[in-house]
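Computed from a predicted model, the values in this text were never measured in an experiment. All chains are named by letter (A, B, ...) in the order of the sequence lines, taking the proteins before the strands, and each is independently numbered beginning at 1. The basis for the numbers below is simple: all heavy atoms, side chains too, and nothing from hydrogens, waters or symmetry mates.
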Protein chains: 2
Amino acid sequence: MMKDPLASYPGYVLRRAAHASGAELTARLEPLGLRQSDVSMLILIEANPGITASALGRMLDIQRANMVPILKRMEDAELIAREAIDGKSVGLELTRAGTAKLSKARAVIDAFEAELLERVPVEHRNHLLPALNALWREPDQQG
Amino acid sequence: MMKDPLASYPGYVLRRAAHASGAELTARLEPLGLRQSDVSMLILIEANPGITASALGRMLDIQRANMVPILKRMEDAELIAREAIDGKSVGLELTRAGTAKLSKARAVIDAFEAELLERVPVEHRNHLLPALNALWREPDQQG
DNA sequence: CATGATTGCTATTGTTCATAGCAAAAATTA
DNA sequence: TAATTTTTGCTATGAACAATAGCAATCATG
């Protein structure tokens, strides 16, 4: 049996866990024609109707330049609509089809998240989310 | 303030945490001229001298095809050496320079991992690694 | 020995993410 | 108000990473 010293590195295990679970979620969303970033955007647009592309990008840590093709794809699929706020900014909203698609996606995601948590032994389960949130957000941003 | 319903999705938070910590580690390794995959390979080669490229790829979940350029880069940098095991397989080993480089990298990584854990509130800290390991490895592979 | 699996590789593609630059439109400041 | 700075949405581009298909040589198996 090979030695695997990497198993004790939180950073490495984090990487592997994220990759594994990400690949699985991507596969489950594929039949809906959505990617992970699509769904997170749909969720945030639904929760914040009229949000601008740049504000959305800031929440998701996606650069403005990289938002363009993603939003274009979702607009072409008629999942979102853009409405001018002023001469510069554009607000985003879900279309009816977008809302319907999101509810399907949410079912997939909810099931997935539940299964994910089930894999974690009960004694660790409730610690996962707060621990990860602490890793992600800078200490001063956590308030 | 924008609503962020994503903060309660373990899968999403996992993704963000992995991305954030990964970017930081990449930045810290950059002065050494190493990437994350380089270091994980160096660690595994040191722990398992003579390991083949394909076995290494299996441990790291990197396809054989994608191992080629990585190993070539590290061989060109004279961090690793290849030695024929038989007519087909090739064993990998660290060179002296590779061992020296790894010890520097390990210092960086150890500091990084320690800081990572420090960000996690103490009551959650010891749960992170086992929880993540449970997510990553399939239930039947955990024994 | 014949078949099948493994190894290391080439070639190619797709996705993601980062940077630089740009014009138009705010917002800020003097 | 006028001048300057910032923000927004975009184009273009390149690096890194990962996935697939295919191939010849070699090894393991029945």
Side-chain angles (χ1 to χ4, degrees), chain A residues 2 12 14-16 18-27 29-30 33-41 45 50-76 80-93, chain B residues 2 12 14-30 32-41 45 48 50-76 80-93:
Chain A
M2 290 286 159
Y12 177 78
L14 178 62
R15 207 159 98 101
R16 295 296 302 268
H19 185 259
S21 83
E24 191 174 336
L25 180 55
T26 296
L29 288 175
E30 200 266 347
L34 295 174
R35 304 181 192 172
Q36 290 188 52
S37 50
D38 296 341
V39 180
S40 43
M41 285 191 191
I45 293 172
I51 190 175
T52 63
S54 57
L56 191 52
R58 248 168 281 142
M59 291 185 78
L60 295 169
D61 260 325
I62 298 178
Q63 320 246 339
R64 269 171 303 146
N66 296 328
M67 297 288 293
V68 179
I70 304 179
L71 290 177
K72 175 161 188 348
R73 237 178 348 98
M74 292 209 285
E75 193 180 22
D76 289 348
I80 63 173
R82 314 195 201 204
E83 194 176 347
I85 292 178
D86 54 30
K88 183 171 65 168
S89 298
V90 179
L92 301 172
E93 285 179 13
Chain B
M2 292 286 160
Y12 176 77
L14 178 62
R15 207 160 98 99
R16 294 296 303 269
H19 185 259
S21 83
E24 190 174 334
L25 180 55
T26 296
R28 293 198 194 186
L29 289 175
E30 201 266 347
L32 290 178
L34 295 174
R35 304 179 194 172
Q36 289 188 54
S37 49
D38 295 341
V39 180
S40 43
M41 285 190 191
I45 293 172
N48 305 280
I51 191 175
T52 63
S54 57
L56 191 51
R58 247 167 300 178
M59 291 185 79
L60 295 169
D61 259 324
I62 298 178
Q63 320 245 340
R64 269 172 303 147
N66 296 329
M67 297 287 294
V68 179
I70 303 178
L71 290 178
K72 175 164 187 348
R73 239 181 343 99
M74 290 209 288
E75 193 180 21
D76 288 349
I80 62 173
R82 315 195 201 205
E83 194 176 346
I85 293 178
D86 53 30
K88 183 170 64 166
S89 299
V90 179
L92 302 171
E93 286 181 12

Review point. Going through the distances and angles, do B:Ile85 and B:Val90 end up as a side chain to side chain contact (heavy atoms under 4.5 Å, CB included)?
Key: CA-CA 5 Å; B:Ile85 293 178; B:Val90 179; 6.0 Å; no
Tell me, do [X] and [Y] make a side-chain contact under 4.5 Å, heavy atoms counted?
X       : Y       : value
A:Arg15 : B:Leu25 : no
A:Arg64 : A:Arg58 : no
B:Leu56 : A:Met2  : no
A:Leu60 : B:Tyr12 : yes

Separation of [X] atom [atom1] from [N] atom [atom2], in whole Å?
X       : N      : atom1 : atom2 : value
A:Arg15 : D:dA18 : CZ    : C1'   : 12 Å
B:Glu30 : C:dA18 : CD    : P     : 15 Å
A:Leu60 : C:dC17 : CG    : P     : 11 Å
A:Gln36 : C:dT15 : CD    : C1'   : 12 Å
B:Asn66 : C:dT10 : CG    : P     : 13 Å
A:Ile62 : C:dT16 : CD1   : P     : 9 Å
A:Met67 : D:dT8  : CE    : P     : 12 Å
A:Ile70 : D:dC10 : CD1   : C1'   : 14 Å

So, is [X] near the phosphate of [N], with a side-chain N or O under 4.0 Å from OP1 or OP2?
X       : N      : answer
A:Arg82 : D:dC10 : yes
B:Ser54 : C:dG8  : yes
B:Arg35 : D:dA16 : yes
A:Gln63 : C:dC17 : no

Would you tabulate the pairs of protein nitrogen or oxygen atoms and nucleotide nitrogen or oxygen atoms of nucleotides 25-29 of chain C closer than 3.5 angstrom?
unit_1	atom_1	unit_2	atom_2	d
C:dA25	O3'	A:Lys88	N	3.3
C:dA26	OP1	A:Asp86	OD1	3.4
C:dA26	OP1	A:Gly87	N	3.2

Is a side-chain donor or acceptor of [X] paired with a backbone partner of [Y] at a separation under 3.5 angstrom?
X       : Y       : value
B:Gln63 : B:Gly57 : no
B:Asp38 : B:Arg35 : yes
A:Ser89 : A:Asp86 : no

Review point. Do you know which two heavy atoms are closest between A:Leu92 and A:Thr52, and how far apart they sit?
Key: CD1-C, 4.3 Å
Point to revise | Contact summary for B:Glu93 and B:Glu83, nearest pair of heavy atoms | key: OE2-OE1, 4.0 Å
Study note, to complete from the structure: Per atom distances to the A:Arg64 side chain, the nearest of C:dT7, D:dT8, C:dT19 is D:dT8
Point to revise | Residue A:Arg58, side-chain atoms from C-beta onward, closest of D:dT8, C:dT10, D:dA18 | key: D:dT8
Point to revise | B:Arg73 vs A:Ala65, nearer the 5' end of DNA chain D by closest nucleotide | key: A:Ala65
**Study point:** Axis deviation across the helix from C:dC1-D:dG30 to C:dA30-D:dT1, five-pair ends, to the nearest 10°
**Key:** 40°
Practice item. Would you kindly compare A:Ser37 and B:Thr52 by the position of their nearest DNA chain C nucleotide and give the one closer to the 5′ end? Key: B:Thr52
